[in-house]
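What you see below is based on every heavy atom in this structure, not just the backbone, and it leaves out hydrogens, waters and symmetry mates. Everything numeric here is computed off the predicted structure, so don't read it as measured data.
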Protein chains: 2
Amino acid sequence: MQTSTRDRIVLAASRLVQRQGYVGTGIKQIAKEADATLGSVYHFFPGGKEAVAVAAIRHGDQEFAALLREALDSQEDPAAAVDACARLLATALRASDWVDGCPVTAAALETLGTDSEIQQACADALRGWQDVVADKLVRAGIARADARELAGTVISALEGAEVTAQVMRSEEPLLQAGRQLARLVATYR
Amino acid sequence: MQTSTRDRIVLAASRLVQRQGYVGTGIKQIAKEADATLGSVYHFFPGGKEAVAVAAIRHGDQEFAALLREALDSQEDPAAAVDACARLLATALRASDWVDGCPVTAAALETLGTDSEIQQACADALRGWQDVVADKLVRAGIARADARELAGTVISALEGAEVTAQVMRSEEPLLQAGRQLARLVATYR
DNA sequence: GACGAACTAGAACGAACGCTCTATCCAGAG
DNA sequence: CTCTGGATAGAGCGTTCGTTCTAGTTCGTC
């Protein structure tokens, strides 16, 4: 077998949760998509659905962070780098026919009042991405305090723009946000 | 009876969908919360759950638009007005213990692949809010094309910052976004 | 006072949910 | 070879889902 059953479960769960959210995705659907059986899922994740979701979100977190780093490193100038992020997200989103958005937003919103581990995993992801952006800004010579606040805004704006792009089925919101964020970053000199 | 049964259903559905999303909210729960019976719900909304959700989202749309207009009109300067929006959202969010976020995001993300009427209603809401912000910017003397692009970014950023604030259980993301957006708006002179 | 429409009330349906359970398979240790 | 324990397999549990259905109630109009 190429990939382990466990990995296939996490991968399938990650994709499904990203597209349909936590409550919208069933354990049986995950098992089917992963070419695994229900027994296997509960064998590897005794914690049940929530445990699977946490693993899935952490996986999506890492994947997205890598994407972000790659886009940021493709440009020297921080403003251009942020714009490159938006552009990358836009093309990826279009390629998936607007369904593969942010891997944590949907799950995060659905589990807000429930103080489950899922929420914690989502918060960790957002914090991590902000750190990735902040690092780039600091390396480009922006003061640490400014970089942190700017990075938070960049992540929030990209997140919001991605949702908007998905709903509108258009790359424009992301491209707009990229241009405006670049303009904003450029004011820190 | 103070409010009509229909109105109570829409109101309850709006609140529940905002907090738990579309799939996470059951018809029976809506009926219970609205002090109505299942029969009443299907009487007023023969289209079933989806019809209730569409009405609920449209209601949330109007409510949010009014909130936005109010905040924008409270300040003459467009940069200060945008910041006031973020501030208002932040205090409202904290007051609800971080559960009453954007009334359409959750529902929009869950119904992405399904081309239901819900998605259309969400897209309409986002477009409407963007128009509200764009109007304010134009009235403040910003060129129409710039105002539209800027308004789109403002809405996206506020949306994303609200989600981030909910996940982090902190007002900071929204306040940050407000400051940075104000700075961005101020560059258009 | 009678009639039809509007509305309320909740029992019941099939499907899907998350989860538990037992049974089977199979590689490696003794 | 037997024995053992991780991994696989899926039937079935109780519950909840969205929806449908039939009565019952209310009420303005003739």
Nearest-Å distance for atom pair [atom1]/[atom2], residues [X] and [N]:
| X | N | atom1 | atom2 | value |
| --- | --- | --- | --- | --- |
| B:Phe45 | C:dT8 | CZ | P | 12 Å |
| B:Arg6 | C:dT8 | CZ | P | 12 Å |
| B:Ile9 | C:dT8 | CD1 | C1' | 11 Å |
| B:Ile27 | C:dC13 | CD1 | P | 20 Å |
| A:Asp7 | D:dA7 | CG | P | 12 Å |
| B:Tyr42 | D:dT22 | OH | P | 16 Å |

Check this one for me: any side-chain N or O of [X] less than 4.0 Å away from OP1 or OP2 of [N]?
| X | N | value |
| --- | --- | --- |
| A:His43 | D:dA7 | yes |
| B:Thr5 | C:dT8 | yes |
| B:Ser40 | C:dT8 | yes |

Contact class for [X] vs. all strands (heavy atom < 4.0 Å): base, sugar-phosphate, or nothing?
| X | result |
| --- | --- |
| A:Leu38 | base |
| B:Phe44 | sugar-phosphate |
| A:Gly39 | base |

Do NZ/NE/NH1/NH2 and the carboxylate oxygens of [X] and [Y] come within less than 4.0 Å?
| X | Y | value |
| --- | --- | --- |
| A:Asp97 | A:Arg19 | no |
| A:Asp73 | A:Arg69 | no |
| B:Arg127 | B:Asp124 | yes |

Start with the C-alpha distance between A:Thr5 and A:Ser40, add both sets of side-chain angles, then the distance that settles side chain to side chain donor-acceptor pair (under 3.5 Å), and finish with yes or no. CA-CA 8 Å; A:Thr5 301; A:Ser40 301; 5.7 Å; no
Using heavy-atom distances to pick each residue's nearest nucleotide on DNA chain D, tell me which of B:Lys28 and A:Thr37 is more 5'.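 That would be A:Thr37.
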